[in-house]
Amino acid sequence: MIEKLNRRSFLKATGATAAIGSSALAGCTGNDGTTTKSGSNEMTDTLKFYSWGGSTQEALNKHVIKPFEKEYDVTVKQSSFGGQDKMLANVRSSSEGAYDIIMPSTSTSYAAAKQDLVEPLRLDNIETWSNLMPVFKDFIVDPGEKVHTAPLYYGTIGMAYNTDQVDDSNGVSWDMTFDQKYKGKVAMEGVPYVRVFTTALKLGMDPNKMVGDAGSYKEGVKKVYDAMAEQHDLVKKYWTSGQELTSLFSNETAYVGEAWGGRILSLQGEGYENLKYAIPKEGAMGWTDTFAIAKGSKNRYTAEKFIEFAYRDDVIKNLAPEIGYPPATKVTSSDIKSLPDFDSSGGEGLKFQDMEFKNEHQQDWSQTFEQIKLGNY
């Protein structure tokens, strides 16, 4: 009788065959330029996954983890975190190999790579990498040229507005948050680097260079500061939490302003059908939660196959609507298109922050924003 191989057994078998020809040597060179031990490209029995908790963990468990375990005969051992700082601290203080896959967000991805806490991704082992939208194939937030993170879904800091009060017939633009007719009804996020980033977009500048027509950063950032000071007179509140944001728009204290798509989606679900969310024509700051392989993972190949599995159209198409954010891949559906953060341009409206540029200038941004709020600019 011919034994039917499950997928993990098949991969182990084919991996072993390949080992006879090349990997039987003391070591072999991986496609990321690193040297890997013989037999490393084999599926293992377990995978240690460290993810966001709550509803994100539930959605991942339902749509990715359980189906992956069934298809590959791998046991995924889960643990969760409630915040990025805590996650990074635990990875840093744990021994290498304590985790296989972790979930850094945009800024934490940079820190994780900078601190050598994650392995480069061997993209030849992730066949569905080609499913990513172009903006995410070039998404390298960490230093150096190697890819360390695999974006899973994305969100934006875009614009919310009350359709009873705001006319969007000519499209949505950040100019609306500078319109005198909404004086005292504008709400913007009170984080200095966000204020500078969005204002640069409004002025048509690359927010990661801020030179525009001025020709230099010094002149460009001065124009940004001047615009922030102009807008300040219109702002009712610089919100600093999701709760503040939802309260401002649900109580009609604000008619227009910066927002998080997920919060507006929740309000729409509660019956606030007059609230809309959009990525303005100038673009919006994007963020993403990613998969990364922790330094020293003993199940690195299995982790890469987990990422490959998550990128499959049939998997991520069901995951994204339940999480509430569009997938980083090109797959779409009516449910995905209805998500507030969905970028119909295929990613062209998503603008991600250059972390080195931010780190270089954020102290000055913070100091100037405080002066503007105090009326001392």
Side-chain angles (χ1 to χ4, degrees), residues 155-208 210 212 220-265 267-268 272 274-287 340-341 343 345 348-353 365-366 368-375 377:
T156 56
I157 302 176
M159 183 185 295
Y161 57 99
N162 185 324
T163 57
D164 293 336
Q165 306 293 336
V166 178
D167 180 12
D168 63 356
S169 59
N170 293 321
V172 177
S173 167
W174 287 118
D175 288 342
M176 294 176 175
T177 64
F178 285 76
D179 195 323
Q180 286 289 332
K181 73 173 72 169
Y182 304 122
K183 184 174 182 178
K185 292 293 185 178
V186 176
M188 306 300 285
E189 184 165 0
V191 177
Y193 68 81
V194 176
R195 291 273 32 76
V196 170
F197 194 100
T198 297
T199 306
L201 288 175
K202 186 266 181 194
L203 295 174
M205 294 183 183
D206 180 342
N208 291 315
M210 262 183 262
V221 78
K222 175 65 164 53
K223 287 189 175 183
V224 170
Y225 291 155
D226 289 347
M228 288 167 58
E230 173 192 343
Q231 185 189 47
H232 176 68
D233 292 336
L234 311 180
V235 175
K236 173 66 175 181
K237 178 75 173 179
Y238 293 107
W239 56 267
T240 56
S241 70
Q243 184 177 1
E244 274 190 305
L245 161 62
T246 53
S247 178
L248 284 163
F249 281 95
S250 62
N251 295 334
E252 298 195 0
T253 304
Y255 293 160
V256 65
E258 243 163 2
W260 300 336
R263 291 290 177 153
I264 301 304
L265 178 63
L267 287 175
Q268 290 171 340
Y272 292 91
N274 61 330
L275 294 180
K276 281 191 177 181
Y277 181 88
I279 297 174
K281 64 181 183 181
E282 299 92 347
M285 176 182 279
W287 60 265
D341 290 278
D343 182 10
S345 70
E348 292 182 9
L350 304 176
K351 311 298 181 182
F352 295 98
Q353 188 150 55
W365 298 341
S366 297
T368 305
F369 182 46
E370 287 302 315
Q371 292 174 355
I372 289 172
K373 289 193 295 182
L374 293 172
Y377 174 72

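Just so we're clear, the structure is a prediction, and the values are computed from it rather than from any experiment. Note: hydrogens, waters and symmetry copies are ignored here, and every other heavy atom, side chains too, is used. The first residue of the sequence shown is numbered 1, and numbering continues consecutively from there.
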Taking [Y]'s backbone N and O only, do any of them form a donor-acceptor pair with [X]'s side chain (distance below 3.5 Å, no angle check)?
X: K202; Y: E282; answer: no
X: D343; Y: G283; answer: no
X: N274; Y: N162; answer: no
X: T177; Y: G257; answer: no

### Query
Does NZ in K276 sit with more than 12 non-hydrogen atoms of other residues, nucleotides or ligands closer than 6.0 Å?
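Open: at most 12 neighbouring heavy atoms sit under 6.0 Å from NZ of K276.
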With a 4.5 Å heavy-atom cut-off, do [X] and [Y] have their side chains touching?
X: Y277; Y: R263; value: no
X: W260; Y: W239; value: yes
X: M228; Y: T368; value: no
X: L350; Y: I279; value: yes
X: Q268; Y: P340; value: yes
X: V221; Y: W365; value: yes

Rounded distance [0.5 Å steps], [atom1] in [X] versus [atom2] in [Y]:
X: L245; Y: E189; atom1: CG; atom2: CD; value: 8.5 Å
X: L201; Y: I157; atom1: CG; atom2: CD1; value: 10.5 Å
X: Y255; Y: L275; atom1: OH; atom2: CG; value: 12.0 Å
X: E252; Y: K185; atom1: CD; atom2: NZ; value: 7.5 Å
X: Y272; Y: T163; atom1: OH; atom2: OG1; value: 14.0 Å
X: Q231; Y: M188; atom1: CD; atom2: CE; value: 4.5 Å

Identify the two heavy atoms, one from [X] and one from [Y], that lie closest to each other, and give their separation to 0.1 Å.
X: D341; Y: G261; answer: OD2-CA, 3.3 Å
X: E348; Y: K351; answer: O-NZ, 3.2 Å
X: A227; Y: T199; answer: CB-CG2, 3.6 Å
X: M176; Y: D167; answer: CE-O, 3.7 Å
X: G158; Y: A284; answer: CA-CB, 4.1 Å
X: M210; Y: A200; answer: CG-CB, 3.9 Å

### Query
Only one of Y377, Y225, Y238 clears ring-ring contact (aromatic ring centres under 6.0 Å, His included) with H232; which?
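Answer after filtering Y377, Y225, Y238: Y238.
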### Task
Could you pull out all residues at least two apart from T253 that satisfy side-chain hydrogen bond (donor to acceptor under 3.5 Å, both in side chains)?
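T253: no side-chain hydrogen bond (donor to acceptor under 3.5 Å, both in side chains) contacts found.
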### Query
Does the distance from a Lys or Arg side-chain N to an Asp or Glu carboxylate O, for R195 and E258, drop under 4.0 Å?
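A salt bridge is present here (some side-chain N lies under 4.0 Å from a carboxylate O).
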### Task
Check salt bridge (Lys or Arg N to Asp or Glu O under 4.0 Å) between E230 and all other residues, then give those that pass, not counting sequence neighbours.
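Here no residue qualifies.
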### Task
Decide whether T240 and E244 meet the rule of one side-chain donor and one side-chain acceptor closer than 3.5 Å.
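Distance-only check passes for T240 and E244.
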### Task
Mind jotting down which residue pairs meet the ring pair (Phe, Tyr, Trp, His ring centres under 6.0 Å) criterion with at least one end in residues 156-180? Sequence neighbours excluded, please.
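Ring pair (Phe, Tyr, Trp, His ring centres under 6.0 Å) check on residues 156-180 returns no pairs.
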